[in-house]
Structures are given as structure tokens and as C-alpha cells.
Peer 1: 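Take a look at this one; I'll ask things after.
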Protein chains: 2
Amino acid sequence: MTTPSTIDRHRPVPNGVAPTERRRQIVEAALTILEREGGSALTMRRLAAALGIKASSLYKHFPDKEAVELELIALGFRDVAERFERAVRRDRRRPVRAVAATYRAFAHERPHLYRLMNERPLQRERLPEGLEARAAAPLLEATGSRALARAAWAMAHGLVMLELNGRFPPDADVDAAWAVGVTAIERAADGG
Amino acid sequence: MTTPSTIDRHRPVPNGVAPTERRRQIVEAALTILEREGGSALTMRRLAAALGIKASSLYKHFPDKEAVELELIALGFRDVAERFERAVRRDRRRPVRAVAATYRAFAHERPHLYRLMNERPLQRERLPEGLEARAAAPLLEATGSRALARAAWAMAHGLVMLELNGRFPPDADVDAAWAVGVTAIERAADGG
DNA sequence: CTCTGCTGGCTAACGATGTTAGCCACCGAA
DNA sequence: TTCGGTGGCTAACATCGTTAGCCAGCAGAG
């Protein structure tokens, strides 16, 4: 309305934000906080402090907190996609197993990022186009069926979340649950 | 220290709270808000307003917000347990299928309660003893294996959460994903 | 060289949130 | 009749995301 903000004067980049150097720095700092201290530590004030500025100044670079989070989410999807692509290339015999193991490894290595990516509704329209599809492709290829790919994804996601949330008993053999689950999916893929 | 609070003078009931009439009313109001308006609407001020009192007065009945939520969670577990028990009694031939359908139906009928129950780490020690185990028993019985039961639970939970969070494309055939997933689990149960 | 306007900071504030301290009216039992 | 517990209240605190409005610096135009 009044002053044309820094942000909406740029081309319609997915997130409504063009990739400036300063923005890159902000995302980098956000990622550090997220991975080191978890999602609840990623506040605008905390993020600003890490950059030596005030929270309100962040709004010169991003329209809202969600825009910052979406950069992290996109970054996470890119990481997952690359891992999947490498995994299926490495183990062509048993792609389902390879993708599952990779999925689990990612979730364990970057649990806070995993949560950010998968715990809440995803604003697709603010993500780079095709990124989600790229991350999903290897599993779809491995299972050979959309329905089975979704069931497999759901199982992997469920196992990860239940484990991250400590919902299994302390003595539970989570490896065994993964093994039997993956085998069930593999059989369905081969037999179907 | 000074005044012995209303709460900790009572016997060590699981949640640290004895079941008074007033407390029952509070939980009832909380449930109404949760189911009608979702988890983010369940605030202490909002809950108090529904009862015609101030937020701070709630702390005469519950030590914190989590204690109120835990009452709702316990209530949810009781509902799930009863549904499961009825389901396996009704369909003895295919207990896995029966439990899965029941699980999905519960999540769709009471999505906000489902979220409250399953989205975050669970404070077991503040829940009535044995309640969680009771809710888990039918699936364990149906699959015949802890590992498979966990894989099945994870798949169901994953499917529910991905669906509730709108993570599947709008045109996705979620029924098909459930069907193929349940079949895979059933085969593993029979063949194992 | 001067002016102008954008960039990217700042302070102050708003309306939420959960929670605590401290006060007091009521009411039942001793 | 007194006394103490029950269950209200107001006021306040820290923290959250976010907005309004101000201003220093600097680059480019005249």
C-alpha cells in the first residue's frame, strides 16, 4: 500500500522472496539454531540475536516466520532427494530397502529438520516447484505403485515419528519393526 | 511451601489430580472446545471463559495445562480401546483389517483428539496405568508379533497423519493406500 | 555537489500465550 | 463463633509473532 516493501517488488519466486546474500545468512543461522536446539528454539528474536540484529529487522527480508521455515524445508527436501537418488543408484537390487534405510537415516541425523518438514501441513505453493515430486520419485519407482509407495511412506513416517516421540517402550526393538515392515512392502512390490 | 495447594493434598492419582465434579466439568468443556475448534483453540483463557471463570482459577483444579490435556488423552485412549475390542469381536476372521478400519475411523471422527493423543511425546507416568497397553492389545493379538504390530501401527499412524496434514495430493486415492498397506500386513501376519 | 529515495537497521508497542503471587468471600466444621 | 480450606479474583511476568514509524547511510540522478 504505502511503501513498497523490499519483498513484494521482486519476481514471484516460490516463497515470495528473492535469494539475497543477507537472506542466505539468515537461513543459515536459522538452520544452525534448528539443528542445535530444536524447533522450539527457532524464534524470531533468537534468530535475530544470532545475527546481531533485532527481531523486527528480519521482516525486511522475510514476510513472516513461515517463509524462513519454508527455506529450511526446501533445503531438507533437497537433501532427502539427493540421498534417495544416491541410495537407489547404489543398491539397484533392493530399492525399497535402500530408500527405507535412507529415510530412517535422514530422520535420525536431522530430527529437528525432519519434524519441521513433516509434522505440519505443507504449503506446497510456497515451495520450489517439482521439489516434492523429485523427493518422492525414487520410492514410487521402487515400489512400482502409487498406492504402495504411499503405504510405504506412511509406514516409514509413522515409525520415525513414533520413535522420535518416544512412543515405543524403551526396550522395544525398533529395528525389528522396520525390518518386518520393509519386508512386507517388498513382498507386496514383488508380488503385485 | 506456604499454602498446601488443593491439588497435592490428594492421593497420588496418575495425573496428580483427584476426580472432583468441578474437574469433570472442566475436562468436559475442554473436550468440547478441542473437538469443535481444534487444538490451537484450547487455551487456558478460552477454557476458563467457557466455564465463566478466569484462566488463573483453573490452576486451583489442575497443576498445569498439560494435566487437562492428559485427561482428554486418557479419554481418547479409552474410546480407542473400546472400539478395538468391539471390532475384533465383530470380525474374528480378519482382525488386522478390523483394527485398521477402526483406527482410521477414530482418527477421522475425532481428528483433534487424535492429534492431541499422538502428535507429541506422551507422558506415560501421568496416564492411568495399563491404559496404553489395553489400547495396544487388540492389534498385538491380531498380528501375533510385537514387531509386526508396531509396523502396522506405524503405517496406520503415518497414513492418518499424512492425510490429516494434507500431505497427499488432492486426487490421491488414500483408500487404495490403506488397502494395499493392510493387505501387506495381513500377509506378513499369516505367512509369519 | 546536492538531493532523493531505497536498504536495512532501530524502538515501542500490541495482543496473544502459560503461569504465579497475593487477596478475599464464602461456607462448613469445631 | 471462629477458623481454615475452597475456589474465585486482579495484576503481573516473560515470551511469542508481528506491525508502525523513525532514521542513518549510501548510491545514483540532476
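Per chain, numbering begins at 1; letters A, B, ... match sequence-line order. What you see is a predicted model; the values in this text were computed from it and never measured.
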Peer 1: Within this structure, what is the OH-to-P distance between A/Tyr59 and D/dC16, rounded to whole angstrom?
Peer 2: 11 Å

Peer 1: For residues 148-161 of chain B, which side-chain N or O atoms pair as donor and acceptor with protein atoms under 3.5 Å away, sequence neighbours left out?
Peer 2:
{"unit_1": "B/Trp153", "atom_1": "NE1", "unit_2": "B/Tyr103", "atom_2": "OH", "d": "3.3"}
{"unit_1": "B/His157", "atom_1": "ND1", "unit_2": "B/Tyr114", "atom_2": "OH", "d": "2.7"}

Peer 1: Say whether, by atom type as modelled, one donor and one acceptor occur between the side chain of B/Asp91 and the main chain of B/Arg97 under 3.5 angstrom.
Peer 2: no

Peer 1: Mind calculating the distance between NZ (B/Lys54) and P (C/dA16) to the nearest angstrom?
Peer 2: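 For the pair B/Lys54 NZ and C/dA16 P, the rounded distance is 13 Å.
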
Peer 1: Check this for me, if you would: do B/Lys65 and B/Glu69 make a salt bridge, where the nitrogen-to-carboxylate-oxygen distance has to be below 4.0 angstrom?
Peer 2: yes

Peer 1: Which of these, A/Arg23, A/Glu28, A/Glu21, sits in a side-chain hydrogen bond (donor to acceptor under 3.5 Å, both in side chains) with A/Gln25?
Peer 2: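 Going through the options one by one, the only one that passes is A/Glu21.
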
Peer 1: In whole Å, what is the span from the CG atom of A/Leu58 to the C1' atom of C/dT7?
Peer 2: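 Distance, rounded to whole Å: 15 Å.
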
Peer 1: What integer distance in Å separates A/Glu66:CD from D/dC16:P?
Peer 2: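 These atoms are roughly 18 Å apart.
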
Peer 1: Would you say A/Arg46 and A/Thr43 are linked by a side-chain donor-acceptor pair, where the criterion is simply a distance under 3.5 Å?
Peer 2: no

Peer 1: In whole angstrom, give the distance that lies between atom NZ of A/Lys65 and atom P of D/dT15.
Peer 2: 15 Å

Peer 1: For residues A/Asp64 and A/Tyr59, report the shortest heavy-atom separation together with the two atoms involved.
Peer 2: CA-CE2, 3.9 Å

Peer 1: Under 4.0 Å from any atom of DNA chain D, heavy atoms only: list the residues of residues 25-53 of chain B that qualify, in numerical order.
Peer 2: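 Heavy-atom cutoff 4.0 Å gives B/Arg45, B/Gly52, B/Ile53.
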
Peer 1: Quick one: A/Phe62 CZ to D/dT18 P, roughly how many Å, whole number?
Peer 2: 13 Å

Peer 1: Please tell me which of the listed nucleotides, C/dG9, D/dT18, C/dG18, lies nearest to the side chain of A/Ser57?
Peer 2: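 Closest nucleotide to the A/Ser57 side chain: C/dG9.
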
Peer 1: Between B/Lys60 and D/dG8, is there a side-chain N or O to OP1/OP2 distance below 4.0 Å?
Peer 2: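 Answer is no, no contact under 4.0 Å.
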
Peer 1: OP1, OP2 of C/dG9 versus side-chain N and O of A/His61: anything below 4.0 Å?
Peer 2: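 Yes, because at least one side-chain N or O of A/His61 sits under 4.0 Å from OP1 or OP2 of C/dG9.
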
Peer 1: Please evaluate the base of C/dT19 for a donor-acceptor partner in the side chain of B/Ser56 within a cut-off of under 3.5 Å?
Peer 2: no

